[in-house]
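Have a look at the structure below before the remarks.
Since this is a predicted model, take the numbers as computed values, not measurements.
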Amino acid sequence: MHHSTAPARPGRAAKGPTLAQLRAFAAVAEHLHFRDAAAALGMSQPALSGAVSTLEEILGVTLLERTTRRVLLSPAGERLAPRAKAVLTEVGSLLEEAEAVRAPFTGTVRLGVIPTVAPYLLPTVLRLVRTAYPKLELQVHEEQTASLVEGLLAGRLDLLLLAIPLGVPGLTELPLFDEDFVLLTPLDHPLGGREGVPREALREVDLLLLDEGHCLRDQALDVCRDAGRTDRPVTTSAAGLATLVQLVAGGLGVTLLPRTALKVEAGRSSQLLTGTFTDPAPSRRVGLVLRSGAARTHEYEELAAALREALRPLPVRLRES
C-alpha cells in the first residue's frame, strides 16, 4: 500500500494533525510493528493504520515504508518521528502543569533513591509525606545513581534523592544537607573509637568498599586520594552497607560510613567501634534532583524545604538551597 508524496490539499493541511494521529505515528515509530503499537495504545490495528495514513495525507509525505513482513520508517518518517514525540511530551507537560496548578501535592510522584540513602532517610521522608501531603502517592524506586539519572531524564522517574553534585545538564539540584563520614573499625583496631583521626591514617588501613556503581564507593575513594593513598588495592567489596558492616565486624578491615547510616548499621553488631575525623571531616552532600523546568518544580522546592526541617533530628548539617 503506497501513498503519494504529493502535497496534501490545502484544505486538509490547514486542519493540522490531531494528537491521536501523532500518538499513532509515534507508537509505530517506536515499535516498528502495527500489532505491538496498536496494543500499546489500546486501539485496533485498522484504526491505527488509518490514523497514520490520514496523518500522511495531512502532512503530504510518506512516513512509513510498508512491506509484507515489517514496518520501516521512511527518511521523512525518521526526521519527523522525534518531532512528533517532542510534541506529545510537551502536551504531557501542559497537562501536568495544569494538574499542578489545579491540585498541588496530589497524584503520584515516582521517587528514585540510592541504596546508601534509602534505609536511613526514607522513614523521615515517608512520615513527612504521610502527614503533610496525605493526597500525594509516593512510589519509591531504589537504584544506583546512573540508573536513577537515566530514569529521570527519560521521564520514568519524577524526583531523585541522592548524593550531589551530579553536574548533569537539564537537571536541577536542591541541596538538603551535608553529612560527615565516620570510620567504622573492629574492636581491636588501633584507630577504633578514636576522635580526631587524621585523614592520612587512611593511607595504611585495609579499606572495605561497596561494589562498583555505588556513588559511596567513589566518594570513599576520593577521600582516600585526598589523604594521599595511592597504591593499596581494595580487595573486598560488598553489595550493600549491611554486608560491609558485617565484614568489618568480622575483622576483614575498616570502612567509611555516612553518619545517617551509623545508628542502623553499627547497631547490627557489638564488634564495632566508630572513629571520627579531624575537621574538616570528609563528607557528602545529599539533595533532591528534578528535571529543570518540571511542571511540579514549585512543589518539589516546597517539599525540599519541609524535608530539611524534618531532617533536623538527624546528625547532619542542613543546607539552605
Side-chain angles (χ1 to χ4, degrees), residues 89-90 92-180 214-216 219 258-261 263-264 283-321:
T89 301
E90 279 301 315
S93 298
L94 172 85
L95 296 172
E96 272 181 42
E97 189 81 52
E99 178 65 21
V101 172
R102 189 172 72 245
F105 296 106
T106 60
T108 304
V109 169
R110 297 162 299 176
L111 176 70
V113 194
I114 53 173
T116 60
V117 160
Y120 322 114
L121 296 190
L122 274 181
T124 304
V125 174
L126 297 175
R127 201 178 310 118
L128 170 70
V129 169
R130 210 167 39 239
T131 53
Y133 312 111
K135 291 187 175 170
L136 197 63
E137 185 201 338
L138 204 59
Q139 292 178 357
V140 177
H141 301 261
E142 186 186 74
E143 298 164 29
Q144 292 183 6
T145 300
S147 171
L148 290 179
V149 169
E150 189 186 324
L152 184 62
L153 289 170
R156 177 173 63 83
L157 299 171
D158 303 309
L159 192 63
L160 308 182
L161 176 62
L162 75 181
I164 57 174
L166 299 171
V168 177
L171 298 184
T172 297
E173 299 178 354
L174 306 174
L176 294 173
F177 62 83
D178 292 342
E179 67 174 321
D180 291 343
H214 287 276
C215 65
L216 189 59
Q219 288 161 342
R259 289 275 311 262
T260 48
K263 193 173 172 186
V264 173
S283 65
R284 71 171 178 177
R285 179 166 296 176
V286 172
L288 292 175
V289 178
L290 55 141
R291 287 185 296 278
S292 302
R296 305 178 83 160
T297 299
H298 295 307
E299 289 171 58
Y300 296 152
E301 287 170 347
E302 190 181 317
L303 179 64
L307 199 46
R308 285 186 202 106
E309 283 308 306
L311 292 166
R312 265 189 201 287
L314 296 182
V316 298
R317 294 186 300 285
L318 299 176
R319 306 281 317 179
E320 295 313 317
S321 54

Going through the checks in order, is the side chain to side chain contact (heavy atoms under 4.5 Å, CB included) test met by Tyr300 and Val109?
-> CA-CA 10 Å; Tyr300 296 152; Val109 169; 4.2 Å; yes
Can you see which heavy atom on Glu179 is nearest to which on Pro315, and at what distance?
-> CB-O, 4.4 Å
Could you point out which residue of Thr145, Leu159, Leu171 forms a side chain to side chain contact (heavy atoms under 4.5 Å, CB included) with Val289?
-> Leu171
From CG (Leu162) to CD (Gln144), nearest 0.5 Å | 12.0 Å
Crowded around Glu137 CD? As in, over 12 foreign heavy atoms under 6.0 Å?
-> yes
Could you walk me through whether Leu303 and Tyr133 pass the side chain to side chain contact (heavy atoms under 4.5 Å, CB included) test, one step at a time?
-> CA-CA 9 Å; Leu303 179 64; Tyr133 312 111; 3.5 Å; yes
Any donor and acceptor pair, going by atom type alone, linking the side chain of Arg110 with main-chain N or O of Gly155 inside 3.5 Å?
-> yes
First locate atom CG of Asp180, then atom CZ of Arg317, and finally report the distance between them rounded to the nearest 0.5 Å.
-> 4.5 Å
All N/O donor-acceptor pairs, side-chain side in residues 112-130, below 3.5 Å, sequence neighbours left out:
| residue | atom | partner | partner atom | Å |
| --- | --- | --- | --- | --- |
| Thr116 | OG1 | Arg284 | NH1 | 3.1 |
| Tyr120 | OH | Glu265 | OE2 | 2.6 |

Measure the spacing between OG1 of Thr108 and CD of Gln139 and express it to the nearest 0.5 Å.
-> 5.0 Å
Is Arg291 reaching over with its side chain to a backbone N or O of Leu152, donor-acceptor style, under 3.5 angstrom?
-> yes
Val316 side chain reached by Arg259 side chain, heavy atoms, under 4.5 Å | no
Rounded to the nearest 0.5 Å, what separation is found between the CG atom of Leu111 and the CG atom of Leu160?
-> 7.5 Å
Pairwise distance CD1(Ile164) to CZ(Arg319) - rounded to 0.5 angstrom = 9.0 Å
Quick one: does Glu301's side chain have a donor or acceptor within less than 3.5 Å of a partner on Leu174's backbone?
-> no
Can you tell me how far CG of Leu148 sits from NE2 of His141, rounded to the nearest 0.5 angstrom?
-> 10.0 Å
Is any side-chain N of the basic residue among Glu143 and Arg156 closer than 4.0 Å to the acidic one's carboxylate O?
-> yes
